[in-house]
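Values below: all heavy atoms of this structure, side chains included; hydrogens, waters and symmetry mates excluded. These numbers come from a predicted model, not from an experiment.
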Amino acid sequence: MPLTRSSGTRPAMRPRQALRLSRRALGGLALAAGAAMLAAAPSPLPAQENGGSITVGLETDIRGFDTVEGGVLGQTGEIVMRTIQEPLLDYDPDAKEVKPLLATSWEANADLTEYTFKLREGVKFHDGSEFTAEDVAAHYNRILDPEMKSRSRSFISVIQGAEALDRYTVRFTLAHPWGAFLPYLAATSMSGPIPARANVEAGEQNRHPVGTGPFEFVSWLGGDRIVVKRFEDYWAKDEINLDEVVFRILPDTQTRFASLKSGEVDVIWTDRGQTIVNAQKDPEIVSLHTEGAGAEILLLNARNAPLDDARVRQAVAHAFNQPAAVKIIWQNTKPVAASPMGDSHDCGEAKLRGYDPAAAKALVEDYGKPIKLRMVHTATPRGREIGELMQQMTKAVGIEVELIPVDQGTLVQRAFGRDFDIVGWRIADAADVGPQLYALARSDSSYNLTGYSSPELDDLAERMRTASDIDERFELQCAIVAELNDQAAMLYWGGGSFHAFTTQRVKGVPPPYRGAVDVTRAWVEE
């Protein structure tokens, strides 16, 4: 039978004491003044085979590792980033716990607007320099500096600043209590992992990253591979088994899967439905799977005509058949979604404008003018499929869509440059998707890529961000989703479900939380 591991059996990354994120804790009420948590000393993993190399097959190259120059990581970038750089905290998605990592303990003031973290001492960066509070403060203050135009700023702008109190103590000041603060310090997307300040200041971080992670950067041949090797001075080096990890860029899905079957690569991430179905049937392949929050989405640019007219956006929404798209593109390996909340909270239908071609035709007729749109999508099989489906579905109701295939980097540039009518995007899986929803919804956010806004939506977003009760916070998130759905600012084409596969020689790879494969504690069994 095929070997399968689901998120329910995900091993904890490290045996540390943990802060349980109860529903109240996620709302920001669990950390009273003076509350602190100390890290347990790392204990060795069970006997495993040390040494060796594995190869991970990635779909796309990445833009870079610097939070300003690189912009956004995406799932492939996050896979590599996890080996090189680390955030302050760790997060266990099954237990819903934040745990110590580079920070060993923390405490909050009475109104939860200041958090003080003690850092792990003796941690080294790959360049031999010591990890200190100055590195943490410099990293976050750089993101928060409006002049830097970091794309991560909108997600964490509740943070007013970070200050190094001494060599191993850093204090964060918040504009108001924020339930997503601790989970965001555990994020392995662009804002969380801490780089070496000197390397950033030298302008080297984007292409030659330096972090505290278990593997150090060796080389990057654009479009082909990234190589990292074991960092011998890693602070928890007894947990690391591999000598080397090679990340190969293999854009073609069939090539990536064939390379896994032949043993040319050892680990792949994929969202291609037919590949997932075939791999799950193969007894020689280990299947890793998680269900989570987040969603695949399509953004509709309400800044430009004709999508500045709600009737046109709503006509596109009613023309789009999400269940058919999920079946055709994902082979039903992802769920149909009405919100990005996953199993964290049930938003119901959330005013989703579902497939209704008659309603779409009526809206087109009421608009009364020809409708021509440009859809920017990646030149991947996934991108081509969603583009062709959108083109066919909208044509059936009288809307013409021109398809513009581009590489991933160009798609990101065009999205942030607002040079699109429709573009494929993603709300990432997270312990709390609220910061992403806030950034997408607020009229003053640089991440409001759709351009749709209203005073009511701004108010919902602000109330959600400042809510101290987790139930209220989730209800307000659903209200934001309902407004965006009703106004057809974004459409869904699949919910959070993530798959990765390994050969049987590779052990110790957990299911892919956030869709990103973590190979840092893997080993090989020959």
Side-chain angles (χ1 to χ4, degrees), residues 13 18-23 25-31 37 67 71-73 77-78 81-82 85-93 96-103 106 108 112-117 119 135-137 139-145 150-162 170-195 292-294 340-342 344 426-442 445-447 461-462 464-468 470 473-474 477 513-516:
M13 284 180 62
L19 173 64
R20 176 71 178 179
L21 281 184
S22 67
R23 295 175 68 82
L26 280 171
L29 297 179
L31 289 180
M37 184 176 62
T67 185
V72 294
L73 280 175
E78 194 167 337
M81 177 70 92
R82 287 185 181 189
Q85 294 175 224
E86 297 174 302
L88 281 180
L89 302 177
D90 191 10
Y91 183 75
D92 184 334
K96 291 183 170 57
E97 295 172 346
V98 289
K99 302 179 180 182
L101 190 58
L102 293 179
W106 55 91
L112 303 175
T113 57
E114 288 185 356
Y115 286 76
T116 303
F117 293 81
L119 304 184
D135 296 289
V136 179
H139 171 64
Y140 279 97
N141 290 333
R142 182 168 178 253
I143 294 173
L144 294 167
D145 183 350
S150 170
R151 290 169 181 165
S152 299
R153 181 173 178 266
S154 295
F155 301 120
I156 64 169
S157 58
V158 172
I159 303 173
Q160 300 295 284
V170 63
R171 180 172 63 204
F172 287 82
T173 301
L174 309 184
H176 51 73
W178 186 34
F181 176 58
L182 292 176
Y184 251 75
L185 293 190
T188 51
S189 53
M190 193 63 92
S191 66
I194 311 295
M341 305 289 286
S344 62
R426 179 173 67 100
I427 295 177
D429 182 19
D432 187 339
V433 300
Q436 295 178 79
L437 287 175
Y438 180 91
L440 284 165
R442 282 284 300 191
S445 166
S446 63
Y447 198 76
E462 197 61 33
M464 181 273 294
R465 200 181 209 189
T466 57
S468 59
I470 189 60
R473 183 177 175 83
F474 281 149
Q477 288 177 16
Y513 170 58
R514 287 175 53 89

Please round to the nearest 0.5 Å and tell me the distance separating atom OG1 of Thr466 and atom CZ of Arg473. 9.0 Å
Step-by-step side chain to side chain contact (heavy atoms under 4.5 Å, CB included) determination, Arg142 to Asp145: CA-CA 5 Å; Arg142 182 168 178 253; Asp145 183 350; 5.7 Å; no
Say whether, by atom type as modelled, one donor and one acceptor occur between the side chain of Asp429 and the main chain of Ala293 under 3.5 angstrom. yes
Compare all side-chain heavy atoms of Trp106 with those of Leu182 and state whether any distance is below 4.5 angstrom. yes
Donor-acceptor pair, distance only, cut-off 3.5 Å: does the side chain of His139 make one with the backbone of Ser191? yes
In a check of side chain to side chain contact (heavy atoms under 4.5 Å, CB included) between Phe172 and each of Val158, Val136, Ile156, which one passes? Val136
Give, for atom NE2 of His176 and atom CD of Glu462, the distance between the pair rounded to the nearest 0.5 Å. 5.5 Å
Roughly how far, to the nearest 0.5 Å, is the CD1 atom of Ile143 from the CD1 atom of Ile159? 8.0 Å
Can you list the residues that meet the side chain to side chain donor-acceptor pair (under 3.5 Å) rule with Ser446, with sequence neighbours excluded? Ser154
Decide yes or no for Arg171 and Phe117: does some side-chain heavy atom of the first lie under 4.5 Å from some side-chain heavy atom of the second? no
Any non-hydrogen side-chain atom of Tyr115 less than 4.5 Å from a side-chain atom of Leu185? no
Worked verdict on Lys99 versus Asp92 for side chain to side chain contact (heavy atoms under 4.5 Å, CB included): CA-CA 8 Å; Lys99 302 179 180 182; Asp92 184 334; 3.5 Å; yes
Would you name the heavy atoms of Pro193 and Met81 that are closest together and state the gap between them? CG-CG, 3.7 Å
Does the side chain of Trp178 come within less than 4.5 Å of Asp432's, by heavy atoms? no
How close do Tyr91 and Lys96 get, heavy atom to heavy atom, and via which atoms? OH-CA, 3.5 Å
For the student: nearest non-hydrogen atoms of Asp135 and Ile194, plus distance: O-CG2, 4.0 Å
Hey, what do you get for OG1 (Thr67) to CZ (Arg153), rounding to the nearest 0.5 Å? 12.0 Å
With sequence neighbours excluded, residues passing side chain to side chain contact (heavy atoms under 4.5 Å, CB included) with Thr113: Asn109, Asp111, Pro177
For Gln477 and Gly434, work out which heavy atoms get closest and say how close. NE2-CA, 3.4 Å
Partners of Tyr438 by ring-ring contact (aromatic ring centres under 6.0 Å, His included), sequence neighbours excluded? none
Do Gln436 and Pro340 have side chains that approach each other closer than 4.5 Å (heavy atoms only, starting at C-beta)? no
On a heavy-atom basis, the closest approach of Tyr140 and Ala162 is CB-CB, 4.3 Å
Under 3.5 Å donor-acceptor, Arg514 side chain and Thr188 backbone: no
Determine whether Leu88 and Leu119 satisfy the following criterion, side chain to side chain contact (heavy atoms under 4.5 Å, CB included), listing intermediate values before the conclusion. CA-CA 8 Å; Leu88 281 180; Leu119 304 184; 3.8 Å; yes
Side-chain donor/acceptor of Glu86 to backbone N/O of Leu102, under 3.5 Å: no
Distance from Glu114 atom CD to Leu174 atom CG, nearest 0.5 Å? 8.5 Å
Could you pull out the closest heavy-atom pair between Ala103 and Leu89, with the gap in Å? CB-CD2, 4.1 Å
Does a side-chain heavy-atom distance below 4.5 Å link Thr116 with Val170? no
